[in-house]
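See structure below.
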Amino acid sequence: MAKYHITAEINGDETEYLCEPEQTLLDVLRDELNYTGTKEGCGSGDCGACTVMMNGRHVCSCLVLGAEANGAKIETVEGMADGDNLHPLQEKFIEHAALQCGICTPGILVASKALLERNPDPTETEVRYWLAGNLCRCTGYDKIIRAVMDAASEMRGN
Amino acid sequence: MSIAEADRPEGKVFKQIGKRIKRPDGVDKVTGRARYGADLNLSGMLHGATLRSPHAHAVLISIDTSKAEAMTGVKAVVTRDDFAEQPDEMAAAGELPVNYMHVVRNVMAREKVLYDGHPVAAVAATSMSIARKALKLIEVKYEVLPHVIEPDEAMKDDAPILDETLFTDGVDPKPTKPSNVSKIVKIKKGDIEAGFEQAEVIVERTYHTKPVHQGYIEPQACVASYSEDGSGELWVTTQGPFMYRSFTARLCGMDVSKLKVTPSEMGGGFGGKNNVYGEPVAMVLSRKSNRPVKMVMNRGEVFRATGPTSGGHMTVKLGATKDGRITAAKADLAFQAGAFPGAPIGPATMTAFACYDLENVLATGYDVISNRPKVAAYRAPGAQVIAFAVESAMDELAKKLEIEPIDLRMQNAAKEGTKAAYGPVFGPIGMEETLQAVKDHPNYNVPLGPNQGRGVASGFWFNIGGETSVTMNLNEDGTVALLVGNPDIGGSRASMSMMAAEELGIEAEDVRVSIADTGSLGFNFLSAGSRTTFAVGKTTINAAREVIKEMKARAAKIWDIPEDAVVWEDGHARPASTNAGDFEPLSIVEIAKKASTTGGPISGHIQTNVTGAGPSLATEAVDVEVDPETGQVKILRVTVAQDAGKAIHPSYVEGQFQGAAVQGIGWALNEEYIYDDKGRLENPNFLDYRIPVASDLPMIDTVIVEVPNPNHPYGVRGIGETSIVPVMAAVNNAIENAIGVRLSDLPMSPPKVLKAIEENS
């Protein structure tokens, strides 16, 4: 079976991989490159657990083919912290107990980061609608929303 | 030592309990480092895939796997022929008992397929794409049979019979005809007829609920590795590694000692990861291929073949005097069990009226099989289904009596000393306290606008203790390693470290909690039944007390004084009094450093069957706004008051209340299994099976009520389940309050609500 030879930048590292035509970016990240922080909850773009940044936009990596990422800049949850320093969203999720089982957390963190890059001062409603594509079955979202709002506030310097 | 003692001195101030510490596994879970079921890859590992029945009910005539086996890259194929028959007997297995004869048939279909998605064969191949292609080469011949989905249909005389060997249990004389009703159970107290004769007001109504799925975001996943020496290892996402060891060893014909199960982090379970599905299949594939095999379900498989909970068909009748004293309460409930017996009719009949102090009760439950996946436990199994009916009926009764619904509940509330219809006399319980907490909450007095309504409901769940084994090791530097056997569903590493630290007089961050594999500890029951913080916590406290006892002995040895002349305070051994001698206190660090010369390593190990779980009650108020044009229901406010006994880590207690409430909102408004006329599931994905999303909801307000459980050293009750129990009725009562019509079918989706509005206008 012919495989594609792809070069992409993943969390700042230039990365080469081979992928089958049917493999998704999620399959490649998890199974070929061992970036297992990105999770699969549905494989159909409905749950958001596989959310990654691709060229500055947040996407469901289960809806992107691995071959489509040629030349792309990909950021996953593994690339969020800066060395020893967690991203403020990561800190606030722990502080607010915004995760229970933690399986949706990587996708929600990446999606929230994308929100705060566009809108540093979102309202509660804006956060709720932005995250409406990221399912969480444990928390009822309350503490997630509070963590995102608090991280936004801290990042604005309050 | 006895662990039933509630021996905390009155008035002693907690130093760790009640704090909101950062959970020790937090960083791993926000950085992607934590490893879940699908995150392990082993050398030489194959990928497994499962062929599933497209029919709801059919005879499995033949399975030809020869073409798949011949395909390049396919290393093993398994079918029913690879699993030995199991005896027809019930075995304890979590909140719902299991029959291995049924478990083996659910894991791999034998004589018949019994639901859309029932496994028929499985393949292990060098890649997932090869495995998927190989499935298409397997030729299966079916003889399609008439099917039945709904429990009331399955109970009819002319219904298709799923199992010709099944005769209804609990009927005298024994029936002569096979039936889809596997069992009838009754809970009785007093004289139900006399109770209704005393009644001046009676309400009676029939209610329906649909099966709903636990909806954990992480699908079932495992890696099985069988060795040439006959031993095996299983890495798996599970609520019960020891239970999975039992199930998998039994189905694969292995001695328990030959199988080691290592639990991964678990991406949600809610009762749905108490039972095996692909795990024994992966182990047999590994045995046949001599390679590790990973099996990960896709979302469609999760919906079609795991979970869900029962749909119910229920009639509830309540009678009361005009002043609001309930004189009789009767419930008849038929629950869909899925393809094999085992709907939670036991807990449903037992909990039906457990919130109330009643003299005359009769609850009758029917366990009904039909052509749907075998039900699994879901957060307070059965209690939530019957509570939808009973708590809606309570609201209707209150309206008829012209009594405030919350006051009618208060008037009839169960309390300490109440003899429950299911048997026990309650110790201290928090029914009245949760009702009062909701009544006192500011949300309860917010004025309602047009098309808005407020509903209240209460709920009961038993909670459990169960088999528990914990080891605590004092490390050489004075820090502590705690080994527990229960997967951390949502913060239990934090609560265990806090309880250990409280006893030892050290900081929680100095206690490292690890989740054991099955080779490292004695048997531990599931992380289920709201048992973990209560039972594993209680055992952890007692393991810490063993460690303290040994540390006091070491100090006594160093000081050369009697052991009983040493006390333990704030992380130090001290002489009990000046009479005992004048010695500088020895810290836990100093004792640990000297352990090798004072007798060797210091540890505490407790294994026990924990009893004394205190029931947890909850009362909730929900405010809704109903759109009269579309029938859509918007949730405005939710107030959850639940009795935690004592909250160890309040944030994670609140989190359980909030998550449970929102699961209940999904159940009330959106979630349902929808079948086509051939019995195939039409909505096996998160787009069409819609669980609540962030934009559907407000913040969820919580009140942690604390009525201490006398059977736990700190008063802890389990809190993981009860908060889902009242929700569906609270939403229903709120809708009735808004539109003046009472609904009786879940989900209360826009078409049903709109129809109710139109019929009323």
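Heavy-atom basis, side chains included; hydrogens, waters and symmetry copies ignored. Letters A, B, ... are given to chains in the order of the sequence lines, protein chains preceding strands, and every chain is numbered from 1.
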Report summary line: When every non-hydrogen atom of A/V77 is compared with those of B/V30, the smallest separation belongs to CG2-O, 3.4 Å
Report task. Kindly indicate, with the supporting measurements, whether the criterion salt bridge (Lys or Arg N to Asp or Glu O under 4.0 Å) is fulfilled by A/K39 and B/D39. Result -> CA-CA 9 Å; A/K39 306 302 181 190; B/D39 296 345; 2.4 Å; yes
Query - No-hydrogen, no-angle side-chain donor-acceptor test under 3.5 Å, B/T31 and A/E78 - result: no
Report task. Against chain A, label B/Q214 side chain, backbone, both or neither, depending on which of its atoms sit under 4.5 Å from a heavy atom there. Result -> backbone
Query raised in the report: Going through the distances and angles, do B/E671 and A/R137 end up as a salt bridge (Lys or Arg N to Asp or Glu O under 4.0 Å)?
Result: CA-CA 13 Å; B/E671 297 179 33; A/R137 191 60 155 174; 2.8 Å; yes
**Report entry** Nearest heavy atoms of A/I145 and B/A694, plus distance in Å
**Finding:** CD1-CB, 4.3 Å
Query raised in the report: Under a 4.5 Å heavy-atom cutoff, which of A/L99, A/I108, A/T38 has the most pairs with chain B?
Result: A/L99
Report task. Verify the neighbour count for atom OH of A/Y17: are there more than 12 heavy atoms of other residues, nucleotides or ligands below 6.0 Å? Result -> yes
Query - Residue A/R156 excluded, over 12 heavy atoms near CZ under 6.0 Å - result: yes
Report task. With rounding to the nearest 0.5 Å, note down the distance linking CD in A/Q100 to NZ in B/K29. Result -> 10.5 Å
Query raised in the report: So which part of B/V27 gets closer than 4.5 Å to some heavy atom of chain A, the side chain, the backbone, both or neither?
Result: both
**Report entry** Nearest-0.5 Å distance, CG of residue A/L135 to CD1 of residue B/I691
**Finding:** 4.5 Å
Query raised in the report: When rounded to the nearest 0.5 angstrom, what is the spacing between CG in B/L697 and CG in A/D142?
Result: 9.5 Å
Query raised in the report: Does some side-chain heavy atom of A/C101 sit less than 4.5 Å from a side-chain heavy atom of B/E218?
Result: no
Query raised in the report: Would you say the side chain of B/F270 lies within less than 4.5 Å of the side chain of A/C138, judging by non-hydrogen atoms?
Result: yes
Report summary line: Honestly, the part of A/N34 sitting under 4.5 Å from a heavy atom of chain B is side chain
Requested in this report: Tell me, for B/V662 versus chain A, whether the close heavy atoms (under 4.5 Å) come from the side chain, the backbone, both or neither.
Outcome: side chain
Requested in this report: Please determine, among A/C136, A/G133, A/G37, A/A132, the option with the most heavy-atom pairs under 4.5 Å with chain B.
Outcome: A/A132
Query raised in the report: chain A heavy atoms under 4.5 Å from B/I700: which part of the residue, side chain, backbone, both or neither?
Result: both
Query - Inter-residue atom distance A/T36.OG1 - B/L40.CG, 0.5 Å rounding - result: 9.5 Å
Query raised in the report: Pick from B/P487, B/S651, B/S127: which one has the most heavy-atom pairs with chain A under 4.5 Å?
Result: B/S651
Query raised in the report: Donor-acceptor pair, B/R299 side chain versus A/S44 backbone, under 3.5 Å?
Result: no
Query raised in the report: What part of A/F93 is in contact with chain B, defined as an atom under 4.5 angstrom from a non-hydrogen atom: side chain, backbone, both or neither?
Result: side chain
Query - Which atom of A/G41 lies closest to which atom of B/F686, heavy atoms considered - result: O-CE1, 4.2 Å
Requested in this report: Could you tell me which non-hydrogen atom of A/C47 sits nearest to which non-hydrogen atom of B/I217, and how far apart they are?
Outcome: SG-CG2, 4.4 Å
Report summary line: In this structure, OH of B/Y652 is separated from OG1 of A/T139 (nearest 0.5 Å) by 11.0 Å
Query - Most chain A-contacting option - heavy-atom pairs closer than 4.5 Å, from B/R23, B/K22, B/E265, B/R20 - result: B/R23
Query raised in the report: Sub-3.5 Å donor-acceptor pair from the side chain of A/Y141 to the main-chain atoms of B/M699, do we have one?
Result: no
Query raised in the report: Counting heavy-atom pairs under 4.5 Å to chain B, which of A/Q23, A/R146, A/E95, A/M80 comes out on top?
Result: A/R146
**Report entry** Heavy-atom pairs under 4.5 Å with chain A, option from B/A660, B/G655, B/A661, B/A34 with the top count
**Finding:** B/G655
